[in-house]
Amino acid sequence: DKLVIVKDGKVVREGKPQEIYHHPQHAYVAQLIGKANILEGLSFLEKGKYAVYPQDVVVKKDGIAAKVKSVHFGGLYQEVEYVIEDKIIL
């Protein structure tokens with residue numbers, strides 16, 4: 001299988017679905033294929049940005065300080081919205 005993602009008439013990413021999901025290379029692609037949070041910093045996306053998907057977040061006792069904003073029940077999972085340095089993350 002191969003996906004081709006087009007934005008404004010131009011191909012922005014193409015490849016196998018798993019490859020695109022794990023290495024979107026563009027913020028538009030990351031947000032299109034999942035609930036990605038685009039954060040500033042060192043990156044594999046556009047310069048200075050990277051994508052964090054909710055399933056990649058691990059809650060630990062010692063880590064980044066965050067405040068839980070809301071929790072939404074989703075059956076087998078829960079969506080947690082939290083705030084890090086005044087930015088809302090899902």
Side-chain angles (χ1 to χ4, degrees):
D1 294 333
K2 182 178 181 179
L3 291 177
V4 177
I5 298 175
V6 178
K7 180 182 180 191
D8 299 326
K10 296 180 182 177
V11 174
V12 292
R13 185 71 167 98
E14 60 182 288
K16 294 180 179 182
Q18 298 87 345
E19 176 186 322
I20 292 173
Y21 182 82
H22 294 291
H23 306 285
Q25 298 178 345
H26 194 281
Y28 172 78
V29 175
Q31 291 174 321
L32 180 70
I33 61 174
K35 289 187 175 186
N37 292 291
I38 308 302
L39 305 175
E40 301 295 322
L42 298 175
S43 127
F44 59 83
L45 294 174
E46 298 142 79
K47 185 176 181 180
K49 297 181 181 179
Y50 61 99
V52 176
Y53 294 100
Q55 65 272 19
D56 295 330
V57 175
V58 177
V59 178
K60 294 171 42 176
K61 183 177 179 181
D62 299 325
I64 297 172
K67 181 178 179 182
V68 174
K69 182 178 182 205
S70 65
V71 178
H72 306 280
F73 178 73
L76 297 175
Y77 66 93
Q78 291 186 12
E79 280 187 0
V80 180
E81 246 184 351
Y82 53 97
V83 178
I84 298 176
E85 296 179 1
D86 298 326
K87 293 181 183 178
I88 298 174
I89 309 296
L90 179 62

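- Legend: residues meeting salt bridge (Lys or Arg N to Asp or Glu O under 4.0 Å) with K2, ordered by chain and number and at least two apart, are E14.
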Quiz: residues 3-10 side-chain donor-acceptor pairs under 3.5 angstrom, not counting sequence neighbours:
none

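- Identified under the salt bridge (Lys or Arg N to Asp or Glu O under 4.0 Å) test for residues 16-27, with sequence neighbours left out: R13-E19.
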